[in-house]
Enquirer: 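Handing you this structure, nothing more for now.
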Amino acid sequence: MIPYDFMETEKKWQKIWEESKVFCVTNDFSKPKYYLLIEFPYPSGNGLHVGHPRSYVALDSIARKRRLQGFNVLYPIGWDSFGLPTENFAIKNKIHPKIVTKHNIAHFKEQLKALGLSFDWSREVNTTDPKYYKWTQWIFSRLFERGLAEKRNTSVNWCVSCRCVLANEEVIAGKCERCNNEVIQKTKSQWILKITEYAQRLIDDLDLVDFPERVKQQQKNWIGRSEGALIKFKTTCGKDVEVYTTRPDTIFGATYLVLAPEHELVDLYSENIENIKEVLNYRLESSRKSDFERSEVVREKTGVLIKGIKAVNPLDGREIPIFLADYVLSNYGTGAIMAVPAHDERDLEFASKFGLDVNKVVKEDGLHINSEFLDGLDITQAKIRVTEELKRRGLGESKVNFRLRDWIFSRQRYWGEPIPIINCPKCGFVLEKNLPLELPEIQNFECSQCGESVLESSDWADVECPQCGDRARRETDTMPQWAGSSWYFLRYLDPLNDDALASPESLNYWLPINWYNGGMEHTTLHLLYSRFWHKFLYDIGVVPVPEPYAKRTSHGVILGENGEKMSKSRGNVVNPDEVISEYGADVMRLYEMFMGDFETAAPWSTQSIKGCKRFLEKFWDLQRIISGEVEIRAGMLNVLHKTIKKVDEDMEHLKFNTAIASLMTLVNIFRKSDSITREELKILTILLNPFAPHITEELWNVAHLGSGRITDQSWPKFDPEAIKDEEIEIVIQVNGKVRGRLKVNEMITQSELILLAKKEPVIERELNGKQVLKEIYFPKKLLNFVTYCH
RNA sequence: GCGGACGUGGCGGAAUUGGCAUACGCGCCAGGUUUAGGUCCUGGUGGGAAACCGUGCAGGUUCAAGUCCUGUCGUCCGCACCA
């Protein structure tokens, strides 16, 4: 075996690529474009772990392939660097988050560069750079102008430990996504973005894009569209209570109403409520509960009867009681429901506990009973009929509801984009005109006032109102981490532009993103948020397409050797630096693509990676057996072209593991034949290049396989003639069991084949004494003799 | 509870429209090279003495089922009182 020094070779080629700027891309309109995107990393203090590169290497191999196919390829990289861990580290160690970020980015950069990824480093973006967040603030300003950003008093998720508001998407099972501590509900004045106004379009436009079905489903689920009706119930205090229901057809089975604890009726008619003390007490108790507690207490229903006020069923005039209960949520629908215990499990549970009536109005066969004019109708008919009737009488209307909530956009933190708003006592909210509005330099990042941003106590917040000149206050909340990542893919197109977030020409040329790969964990966060922002930018004419990502794929997580999620606390983290220093970047890249199905989680194996090392060594050793012959030998034509086809197609379908397996098979064939021609080696080397770019460039060079470098070559195309088999092997079965194989000419007819097969000793013996009822021939594959019938 | 994915050797995993189950790799076994170990090379490797049996389990459709249908068990992920 010829030895191969990966350490030196990889450094050498990385330097050549960097110096020749071969991966820096220009807006060359004469070429077809291809825009590949990976989720830019959050530069944490822990550095890269082996999970990150799975996505990067996969799209890097596609990027390299596309370049060889003649595309103008954009494959950029940047840093999503605002965020809590950095700020927390800064507080703890008394270092400015800016310094921490700079340091972390330098470390990440070094690690990424060691992988030989073909990023265009000249377009690097950084969300914490004022030149970048100038445009994040600009987009917020446009949202504000169009009424899509507003400050609102809302019940919010409050992380007790981070002392910060969280979006719904950041609360995992009642706990903070970041620190895993308790999250409680708190009412606070917050900036929100009205993503709910885009709910329907975010569902509809999924039809325009090529996303995995699981991603589309999860987004649809999260948006949670439901069709139902709003119905007004009169009450004895004079105020109507409006409820939302998806089953208006069951209205004759409504035996009580339930209001969320926060419902306004309690405030407006407190003097009518005989047990107001008890009611307010219940409200207080449930507000103290965190979401986690609410769901943890095995859903034992609680509630309190409102004494002194009754509701009236709008259709049959029956008086029914009203309850307050926290199984009804204040922020969904109208915060009030009509309870139909006969046809809703939760209502039934509550009714059983409080001894309330259960009126059955739909039979097992789905037809209505005890429902006046709905009797005999099925559910669909009854829904339509009752909604019509309610509308005619002015008591209700059909209504579409979404589970999606507006996006709470304020964070009481320092290390985020300042919200460019000034609050003037006279003029109200006024936009800051001079962007970027930079974060002030401060010394101490620890929040002094609990629950407010540290910026609150800085004199930066004291300003003159740009409209009237009076004293005013800046908004001291900052944007959430998801802000900068909601549009970063646009900045890559024109990263230095100071007059626009990107020029119209570059937006027109590069959008949409052809292929975006990232993790499933972002499906209802980043992926949804960025689609929302993009649609907004489309509506105001900034971007030319309604959807940013034409195609989205998702990689599986890389697990620790024990099959568990990799984490510091589990002690099963594999450090990529160590893998690279032991095996080199090519082996690492190859293994990450070979280890299993790309879309499924797979455990790391320090054993299996050796197979990839051996493979590359065998490949390198092929130069030892280069024959005098130059062209592709007749005997190799077929297998070589089949491999071209296989690698090409598998890569397009994320089947990187089988693409590599076919390359391994090919190398084994050449080794066995103990020779390889230059032309054969040339094709093999180009096919392997996207996965193992360093060793292939080096072999190309030392074996003089052609002029220039591989980056100057073209991706091979398979010849349909060459992959045809002249001689094919046909499986011979008797009653579905394999009894033999025959090598025959491709052109053989069915009758010729049957004669030939019957002469085979084994087949002859099997068929002896049996009557062949039929012969089934599956062309070019299989022949089955059937001697019985069912 | 709702939504989604999945179940194939000792392990990671292959298997277009139903058509040779276990490609490729790891591991293991035997032999070779080596002062020795590792590396490396060659061969073997689902079970069974065999007929045969084998893709979580039980049925079904079919000439033919890992693949399709019905039921069932189990695992993983997301959401979770959304009326």
Side-chain angles (χ1 to χ4, degrees), chain A residues 1 168 172-174 212-218 220-222 224-226 228 243-248 250 258 291 294-295 299-301 325-329 331-340 343-347 349-350 401-405 520-521 523-524 556-557 563 590-591 594-597 599-615 617-618 621 649 653 655 657-665 667-668 671-672 729-741 773-790:
Chain A
M1 294 282 267
N168 281 321
I172 310 293
E213 208 40 49
R214 55 178 175 161
V215 171
K216 289 190 182 184
Q217 269 311 327
Q218 219 168 296
K220 282 182 194 166
N221 249 15
W222 184 262
R225 184 182 196 276
S226 72
V243 304
Y244 173 72
T245 176
T246 55
R247 290 296 302 277
T250 60
V258 187
D291 265 1
R294 280 199 190 186
S295 58
R299 299 186 203 174
E300 169 94 17
K301 297 272 182 293
D326 66 6
Y327 82 92
V328 171
L329 308 173
N331 52 1
Y332 182 76
T334 59
I337 63 155
M338 62 176 207
V340 186
H343 304 288
D344 183 286
E345 253 180 70
R346 296 153 301 180
D347 295 343
E349 197 193 319
F350 189 84
N401 244 333
F402 297 96
R403 203 179 295 203
L404 185 71
R405 306 288 150 79
M520 279 306 286
E521 70 276 15
T523 301
T524 54
V557 184
L590 202 70
Y591 178 61
F594 181 67
M595 63 191 298
D597 180 69
E599 295 180 276
T600 318
W604 186 269
S605 163
T606 45
Q607 282 295 338
S608 288
I609 192 171
K610 288 178 186 164
C612 292
K613 173 180 177 259
R614 287 176 197 149
F615 166 64
E617 280 168 356
K618 286 178 190 172
D621 193 52
E649 291 174 0
H653 298 113
K655 299 289 176 198
N657 52 342
T658 50
I660 292 166
S662 71
L663 290 169
M664 288 173 168
T665 307
V667 167
N668 290 343
R671 276 172 68 79
K672 218 159 221 173
E729 196 179 67
I730 290 182
V731 173
I732 313 297
Q733 295 183 336
V734 177
N735 295 325
K737 291 200 168 111
V738 181
R739 293 299 180 213
R741 283 145 227 254
L773 296 176
K774 54 178 161 174
E775 292 112 358
I776 287 158
Y777 179 51
F778 185 77
K780 298 180 190 181
K781 286 237 159 133
L782 177 142
L783 176 67
N784 188 12
F785 292 103
V786 183
T787 67
Y788 68 91
C789 59
H790 290 291

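So you know, we letter chains A, B, ... as the sequences are listed, proteins then strands, and number each from 1. Because the structure is a prediction, the values reported are computed rather than measured.
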Enquirer: Are A:Lys301 and A:Tyr327 in a cation-pi contact, defined as NZ or CZ under 6.0 Å from the six-membered ring centre and within 45° of the axis?
Expert: yes
Enquirer: Please check the phosphate of B:G25 (OP1 and OP2 only) for any side-chain N or O of A:Arg614 closer than 4.0 Å.
Expert: no
Enquirer: Between atom CD in A:Gln607 and atom P in B:C28, what is the gap in whole Å?
Expert: 7 Å
Enquirer: For A:Leu783 and A:Ile730, work out which heavy atoms get closest and say how close.
Expert: N-CG2, 4.0 Å
Enquirer: P atom, B:C53 versus B:G4: distance in rounded Å?
Expert: 37 Å
Enquirer: By nearest heavy atom, map A:Glu649 and A:Ser605 onto RNA chain B; which one lands nearer the 5' end?
Expert: A:Glu649
Enquirer: Scan every strand shown for a Watson-Crick or G-U wobble partner of B:U75, both distances under 3.5 Å, and answer none if you come up empty.
Expert: B:A5
Enquirer: Remember a base hit wins even if backbone is also touched, and classify A:Glu729 as base, sugar-phosphate or nothing at under 4.0 Å, heavy atoms.
Expert: base
Enquirer: To the nearest 0.5 Å, tell me how far A:Arg214 CZ sits from A:Thr523 OG1.
Expert: 8.0 Å
Enquirer: Identify whether any heavy atom of A:Asp597 sits under 4.0 Å from a base atom; if not, whether one sits that close to sugar-phosphate; answer base, sugar-phosphate or nothing.
Expert: sugar-phosphate
Enquirer: So, for A:Tyr591 and A:Ser605, which heavy atoms are closest and what is the spacing to 0.1 Å?
Expert: OH-N, 3.1 Å
Enquirer: Applying a 4.0 Å non-hydrogen cut-off, can you work out what A:Ala336 is touching in the nucleic acid: base, sugar-phosphate, or nothing?
Expert: nothing
Enquirer: For A:Glu599 and B:G13, what is the distance between atoms CD and P respectively, to the nearest whole Å?
Expert: 13 Å
Enquirer: For B:G9, measure the glycosidic angle (O4'-C1'-N9-C4 for a purine, O4'-C1'-N1-C2 for a pyrimidine) and name it syn if it falls within 90° of 0, otherwise anti.
Expert: syn
Enquirer: Need the pair for B:U62. Rule: Watson-Crick or G-U wobble, both distances under 3.5 Å, any strand; none if unpaired.
Expert: none
Enquirer: Quick one: is A:Lys610 getting a side-chain N or O under 4.0 Å of the B:C26 phosphate, OP1 or OP2?
Expert: no
Enquirer: With both distances under 3.5 Å as the test, what is the Watson-Crick or G-U wobble partner of B:A80?
Expert: none
Enquirer: Nearest 0.5 Å please: distance from the CG atom of A:Asp621 over to the CZ atom of A:Arg671.
Expert: 5.5 Å
Enquirer: What does B:U16 pair with, Watson-Crick or G-U, if both distances are under 3.5 Å?
Expert: none
Enquirer: Any chance you could measure A:Cys612, atom SG, to A:Met664, atom CE, to the nearest 0.5 Å?
Expert: 4.5 Å
Enquirer: Find the distance A:Phe402:CZ to B:A83:P and express it as a whole number of Å.
Expert: 12 Å
Enquirer: What's the CG-P distance between A:Leu329 and B:A83, to the nearest Å?
Expert: 10 Å
Enquirer: Can you see if the side chain of A:Tyr332 gets near the phosphate of B:A83 - specifically, an N or O under 4.0 Å from OP1 or OP2?
Expert: yes
Enquirer: In whole Å, measure the gap between the P atoms of B:C68 and B:C6 for me.
Expert: 10 Å
Enquirer: So if I take every side-chain heavy atom of A:Arg671 and compare against B:A83, B:C24, B:U42, which nucleotide ends up nearest?
Expert: B:U42
Enquirer: With respect to the side chain of A:Trp222, which nucleotide from B:A83, B:C53, B:C79 is positioned closest?
Expert: B:C79
Enquirer: If you find the nucleotide of RNA chain B closest to A:Met520 and the one closest to A:Tyr591, which residue's nucleotide is nearer the 5' end?
Expert: A:Tyr591
Enquirer: How many whole angstroms separate atom NZ of A:Lys618 from atom P of B:G25?
Expert: 6 Å
Enquirer: Which is true for A:Arg225 with a 4.0 Å heavy-atom rule: it touches a base, it touches only sugar-phosphate, or it touches nothing?
Expert: nothing
Enquirer: How long is the line joining CD of A:Gln733 and P of B:C63, in whole Å?
Expert: 13 Å
Enquirer: What is the distance from CZ of A:Phe594 to P of B:A23, rounded to the nearest Å?
Expert: 12 Å
Enquirer: Taking the C1' atom in each of B:G31 and B:C52, what is the distance between them to the nearest angstrom?
Expert: 32 Å
Enquirer: Remember a base hit wins even if backbone is also touched, and classify A:Arg214 as base, sugar-phosphate or nothing at under 4.0 Å, heavy atoms.
Expert: sugar-phosphate
Enquirer: Enter the distance from A:Asn735:CG to A:Thr787:OG1 here, rounded to the nearest 0.5 Å.
Expert: 3.5 Å
Enquirer: Which nucleotide in the list B:A21, B:G27, B:G19 gets nearest to the side chain of A:Val738?
Expert: B:A21
Enquirer: If you round to the nearest 0.5 Å, how far is OG1 of A:Thr245 from CE of A:Met338?
Expert: 4.0 Å
Enquirer: Looking at B:A83, I'd like to know if its phosphate oxygens (OP1 or OP2) sit under 4.0 Å from a side-chain N or O belonging to A:Ser226.
Expert: yes
Enquirer: Please work out if A:Lys220 contacts a base, only the sugar-phosphate, or nothing of the nucleic acid, heavy-atom cut-off 4.0 Å.
Expert: nothing
Enquirer: B:A80, OP1 or OP2 - any side-chain N/O from A:Arg403 closer than 4.0 Å?
Expert: no
Enquirer: Under 4.0 Å between a side-chain N or O of A:Gln217 and OP1 or OP2 of B:G3?
Expert: no
Enquirer: Atom CZ of A:Phe778 to atom P of B:A64: distance rounded to whole Å?
Expert: 16 Å
Enquirer: Students often get this wrong, so: under 4.0 angstrom with heavy atoms, is A:Lys672 touching a base, only sugar-phosphate, or nothing?
Expert: sugar-phosphate
Enquirer: Hunt down the Watson-Crick or G-U wobble partner of B:A30, both distances under 3.5 Å, from any strand shown, or write none.
Expert: B:U42
Enquirer: Among B:C53, B:G3, B:U42, which nucleotide sits nearest the side chain of A:Asn221?
Expert: B:G3
Enquirer: Select base, sugar-phosphate, or nothing to describe what A:Asp347 touches, counting heavy atoms under 4.0 Å on all strands.
Expert: nothing
Enquirer: For a quick test of reading the model: is some side-chain N or O of A:Asn784 closer than 4.0 Å to OP1 or OP2 of B:G19?
Expert: no
Enquirer: Can you tell me, in whole Å, how much space there is between the P of B:G66 and that of B:G43?
Expert: 31 Å
